[in-house]
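Quantities reported herein were computed from a predicted structural model and do not represent experimental measurements.
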Protein chains: 2
Amino acid sequence: MVLRKKERTYSRYSTDAVILLGKLIQLARKERKISESDLADRAGIARSTLQKIEKGDLTCEIGLVFEVATIVGIKLFDAESRLTMQIERADDKIALLPKAVRKSRKRVDDDF
Amino acid sequence: MVLRKKERTYSRYSTDAVILLGKLIQLARKERKISESDLADRAGIARSTLQKIEKGDLTCEIGLVFEVATIVGIKLFDAESRLTMQIERADDKIALLPKAVRKSRKRVDDDF
DNA sequence: GAGAAATGACCGCTAAAAACTTCATATGAT
DNA sequence: ATCATATGAAGTTTTTAGCGGTCATTTCTC
């Protein structure tokens, strides 16, 4: 019995965002004259995985992608205010909202 | 023989960035009064996976995280200029650099 | 307060990702 | 031009993330 591959759909934005991130990583790596092997070693991942990341493969673990990005100096969030501070602010906002959402009555609501 | 779990290290920034992203997603979800199940369904993922994403689990696939973020309206890159345009610009910059990096002489260089 | 729904946490299974390896080719420093 | 090495592209093995399920608890609506 052949198991069909699980079809996964991604929005155009998600796809493009990951591709862009991968290219920014590659660009930063080359500007800093770091080889794939070197960067992979520093990040503690396989070179093949780094190649997937730079290609914008959507299946890579977000932790690995962010780690590589961080190593080559790419910040995804404004470093202006510390991340921990932003996290706290998000927590505060969440605390103000109801802890459990109660509403959607099976409204799938395809928004278009 | 006990196999030790592969130790993976992440920088503070990566960890915090993913946690922040997860919280921003949860915040956006609650503001829009969408339940975990609903959002998971819309994204085509399991509720357990969404929970991991909102907790900032570093092992989640980047595509799933970005997809969920996109659904609740979070943009990681400036939507001012189109992403495709930014991708092209990155490509152009990369094209100007040497195709193969040549330099690092086994400098592991633990930077601290 | 009652009841329905949302959330939090856990677990086994399996498809799939990451690691590891190899090889060919392209590339750049000398 | 030489040659060490960076890159591209597989194939295989190992590890693991996502799924789907369960159950207890909390929370919101009425």
Quiz prompt | Residues R29(B) and E54(B) bridged, charged N to O under 4.0 Å | solution = yes
Quiz item: What is the distance, rounded to the nearest whole Å, between atom NZ of K33(B) and atom P of dT27(D)?
Solution: 16 Å
Quiz item: Where the side chain of K30(A) meets the backbone of K99(B), is there a donor-acceptor pair that is under 3.5 Å apart?
Solution: yes
Practice problem: Check the distance between dA9(D)'s P and L50(A)'s CG and give it to me in whole angstrom. | Solution: 14 Å
Self-check item: Whole-Å gap separating P (dT16(D)) and CZ (R8(B))
Solution: 9 Å
Quiz item: In whole angstrom, what separates R29(A)'s CZ from dG8(D)'s C1'?
Solution: 12 Å
Exercise. For K55(B) and for D57(A), locate the closest nucleotide of DNA chain C by heavy-atom distance; then report the residue assigned to the nucleotide nearer the 5' terminus.
Key: K55(B)
Quiz prompt | Distance, rounded to the nearest Å, where E36(A) contributes CD and dA26(C) contributes P | solution = 16 Å
Practice problem: Scan T59(A) against the nucleic acid and name what it touches under 4.0 Å (heavy atoms): base, sugar-phosphate only, or nothing. | Solution: sugar-phosphate
Quiz item: To the nearest Å, how far apart are L64(B) CG and dA17(D) P?
Solution: 12 Å
Quiz item: Can you tell which of dT22(C), dA18(C), dA9(C) lies closest to the side chain of R47(A)?
Solution: dT22(C)
Quiz item: Do R102(B) side-chain and dT27(C) base share a donor-acceptor contact under 3.5 Å?
Solution: yes
Practice problem: Pick base, sugar-phosphate or nothing for Q51(A), based on heavy-atom distances below 4.0 Å to the nucleic acid. | Solution: base
Practice problem: With side chain to side chain donor-acceptor pair (under 3.5 Å) as the test, would you mind laying out the steps for E67(B) and S14(A) before giving the verdict? | Solution: CA-CA 6 Å; E67(B) 190 63 21; S14(A) 300; 2.8 Å; yes
Quiz prompt | N/O donor-acceptor pair, side chain S48(B) with base dC10(C), under 3.5 angstrom | solution = no
Quiz item: Is K99(A) near enough to dT26(D) that one of its side-chain N or O atoms lies under 4.0 angstrom from OP1 or OP2?
Solution: no
Quiz item: If you group Ile, Leu, Val, Met, Phe, Trp and Tyr by side-chain heavy-atom gaps below 4.5 Å, do I94(B) and V72(A) land in one group?
Solution: no
Self-check item: First encountered from the 5' end of DNA chain D, between A100(A) and E61(A)
Solution: E61(A)
Quiz item: What is the distance, rounded to the nearest whole Å, between atom CD1 of I62(B) and atom P of dA17(C)?
Solution: 14 Å
Exercise. Using atom CG of D38(A) as one end and atom C1' of dA6(D) as the other, report the distance to the nearest whole Å.
Key: 11 Å
Quiz prompt | K52(B) vs dG18(D): side-chain N/O to OP1/OP2 distance below 4.0 Å | solution = yes
Practice problem: Could you check which of dG18(D), dA9(D), dC19(D) has an atom nearest any side-chain atom of I45(B)? | Solution: dC19(D)
Quiz prompt | Residue closer to the 5' end of DNA chain C, S37(B) versus L97(B) (nearest nucleotide) | solution = S37(B)
Exercise. Looking only at non-hydrogen atoms, find the nearest pair between L58(B) and I62(A) and report the distance.
Key: O-CG2, 3.5 Å
